[in-house]
Q: 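Shown below is the structure under consideration.
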Amino acid sequence: MSRRSKGQSGDYAVGYCRPPAQHRFAKGQSGNPSGRPKGKKKAAKRETLMELLNRVSQREISITINDKKTKMTMIEAILTRTAQQALAGKQDAVRTILNYQTDAEQWAARVVEIPDEEELKRLRADPEAGLKIYTALINGASGRR
């Protein structure tokens with residue numbers, strides 16, 4: 001196949017990035033007639049690591065315990081397996097379970113009770129005292145003094 005030079009007959013040379021005239025897009029016609037589907041303008045939202053961990057850990061799986069099939073979430077299965085290993089004497093599993101227990105107790109201690117209506121009225125009347133009480137509650141709940 002030979003290429004035509006500009007001086008030869010024909011409109012232009014056919015070759016790489018130069019399709020024949022009958023295969024080019026017609027004037028005024030798009031190269032993508034159906035266009036972009038609606039709703040595809042924005043890129044897909046990327047999950048944060050916490051969202052991904054929550055989604056994966058809450059997935060239900062089927063496991064066998066004592067020859068019985070049981071459905072539970074992924075996180076329940078992991079905790080169950082770790083507890084079984086701890087009972088079997090694996091020190092890493094024992095340490096992990098104890099760390100989970102300690103962390104859970106610390107998070108439970110962070111819960112701050114909501115004051116009742118009378119307490120709210122008193123705190124609204126004296127905002128400075130309310131701020132001191134609130135700061136004390138937060139510092140006490142997080143373990144800081």
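Since the structure is predicted, the reported quantities are computational estimates derived from the model, not experimental observations. As a basis for the values below, the full set of heavy atoms in this structure was taken, side chains included, without hydrogen atoms, waters or symmetry mates.
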Q: Let's go through Arg81 and Ile78 carefully: what are the C-alpha distance in whole Å and the side-chain angles of both, what is the deciding distance for side-chain contact (heavy atoms from CB on, under 4.5 Å) to 0.1 Å, and is it a yes or a no?
A: CA-CA 5 Å; Arg81 177 65 52 90; Ile78 291 169; 5.9 Å; no

Q: Within the structure provided, determine whether Ile65 and Gln84 are in side-chain contact (heavy-atom separation under 4.5 Å).
A: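 Yes, side chains in contact.
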
Q: Heavy-atom count around Glu128 CD within 6.0 Å, excluding the residue itself: above 12?
A: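 Check fails, neighbour count at 12 or below.
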
Q: Within this structure, what is the CZ-CZ distance for the pair Arg18 and Arg24, rounded to the nearest 0.5 Å?
A: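 Here the interatomic distance stands at 10.5 Å.
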
Q: Ignoring hydrogens, what is the shortest heavy-atom contact between Met74 and Val56? Give both atom names and the distance.
A: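 Closest approach of Met74 to Val56: CB-O, 3.6 Å.
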
Q: Give, for atom CG of Leu49 and atom CG of Asn54, the distance between the pair rounded to the nearest 0.5 Å.
A: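 So the gap between those two atoms works out to 9.5 Å.
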
Q: Taking all atoms of both residues into account, what is the closest heavy-atom pair of Ser62 and Lys69, and its distance?
A: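 That closest heavy-atom pairing would be OG-CD, 3.6 Å.
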
Q: Quick check: closest heavy atoms across Ala93 and Thr82, and the distance to 0.1 Å?
A: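 In terms of heavy atoms, the two residues are closest at CB-O, 3.5 Å.
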
Q: With a cut-off of 6.0 Å (strictly less than), are more than 12 heavy atoms of other residues, nucleotides or ligands near CD of Glu105?
A: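 Atom CD in Glu105 is crowded, with more than 12 foreign heavy atoms closer than 6.0 Å.
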
Q: If the test is side-chain contact (heavy atoms from CB on, under 4.5 Å), which one of Ile97, Asp92, Thr96, Leu98 qualifies with Val94?
A: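 Between Val94 and the candidates, side-chain contact (heavy atoms from CB on, under 4.5 Å) is satisfied uniquely by Leu98.
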
Q: List the atom of Thr73, the atom of Ser57, and the distance in Å for their closest heavy-atom pair.
A: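 For Thr73 versus Ser57, the nearest heavy atoms are CB-O, 3.6 Å.
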
Q: Just wondering, do Glu51 and Arg55 contact through their side chains at under 4.5 Å, heavy atoms?
A: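 When only atoms from C-beta onward are counted, Glu51 and Arg55 do not touch, as no gap falls below 4.5 Å.
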
Q: Hey, could you give me the CD/NZ distance between Glu76 and Lys71, rounded to the nearest 0.5 Å?
A: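 If I round to the nearest 0.5 Å, the distance is 13.0 Å.
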
